[in-house]
Amino acid sequence: MVESAEQALDAARAAQLGGAALVEYRVDGCFNLDDDDARAMISDVVTRSPLPCIVTCRIASEGGEYHGDDEARASLFEALAEAERPPRYIDIELASIETSAPLLEFVKKLAQRREAGAPAPRLIVSTHDFERRPPNLARRLERLRRMEDAAIIKVAYRARSLRDNLELFELLRERDRPTIALGMGEFGLMSRVLAPKFGGFLTFAALRNETATAPGQPSLADMKSLYRVSSITPSTRVFGVIGWPVAHSLSPHVHNAGFEAIEFDGAYVALPVPQEWEHFKASVGMLVDDQHLDFAGASVTLPHKAHLVRLAQERRDEGWEIDATAEAAGAGNTLVRRADGWRVLNTDLPAISELLEERIGRLGARRVLIFGSGGAARAAAVAVTMQGGVALLHNRTQARAAALATEMDAFAHTRGGSARQVPTDQLADARPDAIINATPLGMAGGVAPDESPIDLAMYRERAHEIVVFDTVYQPRITPLLKQASELGFPTIEGAEMFVRQAALQFEAWTGRAAPRALFEQIVRERGTESL
Ligand code: NAP
């Protein structure tokens, strides 16, 4: 939003340095009164702009701040169009051109200028809906496409589900001229990042998050270095993390950097899917069934890990396959496209068993005390028992631990292991070789950030023999790990598990070795964010 000429030009220079090819000056905030100072400032900015520019003076009903009349707007555009260095594009709303004589007149004059061979800005004709995909989208498109003077068509609406993005991609694929089609809000991120895959004329980015001109607009730095938008092409395969909430996941940082490191043609985005099973089923079904998306795999996180197994079971006769251990855990965290279907696996399991084995050797007959009975505890119990280990389960709600123990014991016996519940009064005699926290206790911003599931002092005598593994990764050193270190227990951090399970996902998707050192570096550098 233009506030002063120098500020706007500084921002444009910063955008240029950040790799932008074009800059948009939103003048609606400063051009409400038709005053000469504002006009002079805007034409000064356009003349001195370090990058080719779009000038937009957006009306309030389409998300802007312009409340003035259309005569003033049209005369501003005319002055800019006739200047020695006109803007490359002027963006005007479809609804304004259709209803305003001065703006229609301006559009005609622009066409005449161009016909006469004079330099003239090209017209972007746009339509916005900040609430939803407009119910009359097809009509709007028809009207846009009838507008011969529109050099570029722009459609932007609030995406309210991932499905709304697919319609935007279809619109790009079926374009009859350069087209911009963007979804606003958290659900629309995919349309912004993947616009180049479908031939979008451009995608917008904010210089900084707080300067975004539309909800959900990513920053220029994220577009360039996190999503590597300039490397996205029609052949790019699409991956993402499915969860709720998922906007702050570290997975896009890790996997996109990995793709870049091994020169793999993939793009990885956050895919928010609300928590209900119906949303999951519909959204994932749409992603995997879309013929044009090149969707090739996903990480699946809370609260959908059990949903992934359920979906795979429902679609088994359509070529979906579930790894036996993921099915035993009742939770999957990875979806992988295969030549003739989809595969569901749970990389938390091998991540846990690998980390434990590296510290305590083979798990056969080893005793692992697991706190919790949710998804992470189930993964830990399967990881231990599938190698013939003994899973000792303890949970706040004892009945849940007992039920899980019964279920896991049946699985464990097929692998030579066993599982049983350990009530609180028997913890001191549990004789564990490893302890795993699979509850959110100790998690920053969680239910009890200062708490641990157990006082390790009860095992003090065997401190050097017992590995303490906290699946919580934020903070890196939880209260449990802090006490463990103080008492001399060897430890495993949740961040190590994150890197390990991410690397296994990456390898399943790409068939190549994951750059684990790079993953570790990213997790270290971004350790304060959500994983
Ligand atoms: P979940 O399904 O919600 O289960 C949470 C478990 O913690 C339940 O058994 C619950 O007990 C127990 N619990 C919750 N609040 C408690 C409290 N105040 N006191 C005692 N017990 C409590 O969650 P989840 O998916 O298993 O995830 C658990 C943790 O694993 C997460 O916090 C996450 O940090 C971690 N995790 C890490 C990774 C990684 O890559 N490092 C991957 C996955 C998960 P009730 O049964 O009594 O409700």
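Both counts, for ligands and for their atoms, begin at 1 and track the order of listing. Owing to the predicted nature of the structure, the values given are computational and were not obtained by experimental measurement.
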Query raised in the report: Hey, does the Lys NZ or Arg CZ of Arg315 hover above the aromatic six-ring of Trp342, less than 6.0 Å from the centre and inside 45° of the axis?
Result: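 No - Arg315 does not lie over the ring of Trp342 by the 6.0 Å and 45° rule.
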
Would [X] count as a polar contact of ligand 1, with the cut-off being nitrogen or oxygen pairs under 3.5 Å?
X      : result
Tyr473 : no
Gly375 : yes
Arg400 : yes
Thr471 : yes

Enumerate the atoms of ligand 1 whose separation from the nearest heavy atom of [X] is less than 4.0 angstrom.
X      : result
Thr397 : 45 (P), 46 (O), 47 (O)
Gly372 : 9 (O)
Gly494 : 41 (N)
Leu441 : 17 (C), 18 (N), 19 (N), 20 (C)

Report task. Look at atom 21 (N) of ligand 1 and find which of Glu496, His394, Arg396 reaches it with the closest heavy atom. Result ->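 Heavy atom nearest to atom 21 (N) of ligand 1 belongs to Arg396.
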
Query raised in the report: Quick one: which of Leu355, Ile436, Val472, Val523 has a heavy atom closest to atom 34 (O) of ligand 1?
Result: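 Nearest heavy atom to atom 34 (O) of ligand 1 lies in Val472.
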
Report task. Mind telling me whether Trp244 and Phe187 have parallel, tilted or perpendicular rings, with 30° and 60° as the class edges? Result ->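 Phe187 vs Trp244 ring planes: parallel.
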
Query raised in the report: Does any pair with a residue in residues 379-417 pass ring pair (Phe, Tyr, Trp, His ring centres under 6.0 Å), and if so which ones, sequence neighbours excluded?
Result: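 Only Phe371-His394 qualify under ring pair (Phe, Tyr, Trp, His ring centres under 6.0 Å).
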
Requested in this report: For a side chain to side chain contact (heavy atoms under 4.5 Å, CB included) with Ile436, tell me which candidate from Val467, Leu356, Leu355 qualifies.
Outcome: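 When side chain to side chain contact (heavy atoms under 4.5 Å, CB included) is applied between Ile436 and each of Val467, Leu356, Leu355, only Leu356 qualifies.
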
Query raised in the report: Only one of Leu293, Asn165, Thr236 forms a side chain to side chain contact (heavy atoms under 4.5 Å, CB included) with Leu194, so which one is it?
Result: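 Option passing the side chain to side chain contact (heavy atoms under 4.5 Å, CB included) with Leu194: Leu293.
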
Report task. Using a cut-off of 6.0 Å, state whether more than 12 heavy atoms not belonging to Arg460 lie near its atom CZ. Result ->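 No.
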
**Report entry** Test item, Ala438 contacting ligand 1 (heavy atom, 4.0 angstrom)
**Finding:**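 Yes, Ala438 has heavy atoms under 4.0 Å from ligand 1.
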
Query - Whether Lys305 lies under 4.0 Å from ligand 1, heavy atom - result: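 For ligand 1, residue contact (heavy atoms, under 4.0 Å) with Lys305 is present.
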
Query raised in the report: Can a donor-acceptor pair be found between the side chains of Asp455 and Gln483 at a distance below 3.5 Å?
Result: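 Present: a donor and an acceptor within the cut-off.
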
How does [X] reach ligand 1, if at all, at less than 4.0 Å between non-hydrogen atoms: by side chain, backbone, both, or neither?
X      : value
Ala448 : neither
Gln474 : neither
Asn395 : side chain
Leu302 : side chain

Report task. For Asn256 and Leu226, work out which heavy atoms get closest and say how close. Result ->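 Taking every non-hydrogen atom into account, CB-O, 3.1 Å.
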
Query raised in the report: For Phe506 and His255, which heavy atoms make the closest approach, and how far apart are they?
Result: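 Distance-wise, the nearest heavy atoms are CD1-ND1, 3.7 Å.
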
Requested in this report: Give a yes or no on whether the ring-centroid distance for Phe489 and Tyr459 is below 6.0 angstrom.
Outcome: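 Here the rings of Tyr459 and Phe489 have centres that are no less than 6.0 Å from each other.
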
